[in-house]
Amino acid sequence: MVMEDAEAPHHMLLLRNFMAQGLVHNQPLLYASPARDPRGFLGTLPSPAASKDNKSYETDPDQSKNLQEKGLRIAWQYKKYFGENQLNFDGQKGSLSLDGKHEYSNEFDLRKPLDRHFLNRQHVDCVSIQDSPDLSVLRDRCSTFSSQFPRNDGSVSCAGRIAIQSFCAPQCAYSNMEWDMLSFIRSLKSMVRSSNSVAIITFPPSLLSPSFCKRWQHMADTLLSVKAIPDEDKDLAQLLTGYQEMVGFLNVHKVARINTQVPVILEATTFSIKLQKRRYLVLECLNQAPVDGSSGTSYGTSGSCSGSSKAGNLDF
């Protein structure tokens, strides 16, 4: 579950990448939205970006011929170790995959829309929850969708993805039925546990009462929240590196731990949301900017390890 920010739609960045990654992997998708025409949102999904490593494999034909004549076949010598059938060139990522599978995680270009052949497949289902009097229709659609991926044994041949946007939006007629919405989340959680499917729900916490907002957070397996960065915050600009590329923060409140009581201790719980070159979504740990000792008294006045009273440039 992702808690939205009322100031900026940063949750849509996570939602788009979640949905586009599933379609690239040919995974069935169920998308529910409070919009009148949710299928129109599919046209905003990003396309996989060309890998930087792809250029390293693209060489001039004449140059490639000369290399073969000289016997310089460095990269392709791995064929003798893995066999001809085990080496596979992944065109979408532009990298070699030794197990013959696609890359698990792609980098997406937010300026380039996803190819239509991904959207025209039969396994993309869209539901409008606008003006819905109750949650029975959405519950039935989720149940029918998840039943296509039964968890029979340890093998996973296919996985489904469920994406629900702004679950308690005010344009939904059921938005004031807090107990019904909580019951739906519990039902959806049961469906996901009993099938090979995953679900993401975004919701604006400001529209819920504090008690029900806490109940929703406890129901989530993984709980995230996004927050926008104030424009031209000079204090943050001096404190954090790469501030100009940041658009917001991603906070990790809870990580899924199933069938265990051992908690997860993360190295970082707050990440910066960056748009590199205004194209690529990047999540990074926060890095503190280096302190400029020449402009302040951060080093010299806090204490001196030497016995000299004269403050030099390198006097700590």
Short side-chain to backbone donor-acceptor contact, [X] and [Y], under 3.5 Å:
X      : Y      : value
Ser272 : Glu284 : yes
His123 : Leu29  : no
Lys189 : Met219 : yes
Ser132 : Ile129 : yes
Arg257 : Val262 : yes
Ser143 : Arg139 : no
Ser146 : Cys142 : yes
Ser225 : Met3   : no
Thr144 : Arg141 : no

Return the orientation label for the Tyr174 and Phe167 ring planes: parallel under 30°, perpendicular over 60°, tilted otherwise.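 Geometry flag for Phe167 against Tyr174: tilted rings.
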Check this for me: does any side-chain nitrogen of one of Arg193 and Asp221 sit under 4.0 Å from a carboxylate oxygen of the other?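 Salt bridge present between Arg193 and Asp221.
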Can you tell me how far [atom2] of [Y] sits from [atom1] of [X], rounded to the nearest 0.5 angstrom?
X      : Y      : atom1 : atom2 : result
Cys172 : Met181 : SG    : CE    : 9.0 Å
Leu15  : Glu4   : CG    : CD    : 9.0 Å
Leu45  : Lys112 : CG    : NZ    : 14.5 Å
Cys158 : Asn26  : SG    : CG    : 7.0 Å

Side chain to side chain contact (heavy atoms under 4.5 Å, CB included) between Asp134 and Asp180, intermediate numbers included: CA-CA 8 Å; Asp134 53 37; Asp180 292 346; 5.8 Å; no
Before giving the answer on side chain to side chain contact (heavy atoms under 4.5 Å, CB included), spell out for Gln276 and Val282 the whole-Å C-alpha distance, their side-chain angles and the decisive distance to 0.1 Å. CA-CA 7 Å; Gln276 288 187 349; Val282 178; 3.7 Å; yes
Got more than 12 heavy atoms from elsewhere within 6.0 Å of CG, Leu266?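 Above 12, so yes.
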For the NZ atom on Lys254, are there more than 12 heavy atoms of other groups (residues, nucleotides or ligands in this structure) within a distance under 6.0 Å?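 Atom NZ in Lys254 is crowded, with more than 12 foreign heavy atoms closer than 6.0 Å.
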Any donor-acceptor N or O pair under 3.5 Å, side chains Asp109, Ser47: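 No - no donor-acceptor pair under 3.5 Å links their side chains.
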Report yes or no: do Thr202 and Gln165 form a side-chain donor-acceptor pair below 3.5 Å?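 On atom types as modelled, these side chains do not qualify, holding no pair under 3.5 Å.
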Begin with the C-alpha distance, continue with both residues' side-chain angles, and end with the deciding distance and a verdict on side chain to side chain contact (heavy atoms under 4.5 Å, CB included) for Val226 and Ile273. CA-CA 9 Å; Val226 291; Ile273 303 176; 4.1 Å; yes
Test the Arg16-Phe108 pair against the cation-pi criterion, namely NZ or CZ under 6.0 angstrom from the six-membered ring centroid and within 45° of the ring axis.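 Checked: cation-pi criterion not met.
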Are Phe41 and Leu13 linked, directly or through other ILVMFWY residues, by side chains that come within less than 4.5 angstrom of each other?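 As far as the 4.5 Å side-chain criterion goes, Leu13 and Phe41 are connected within one cluster.
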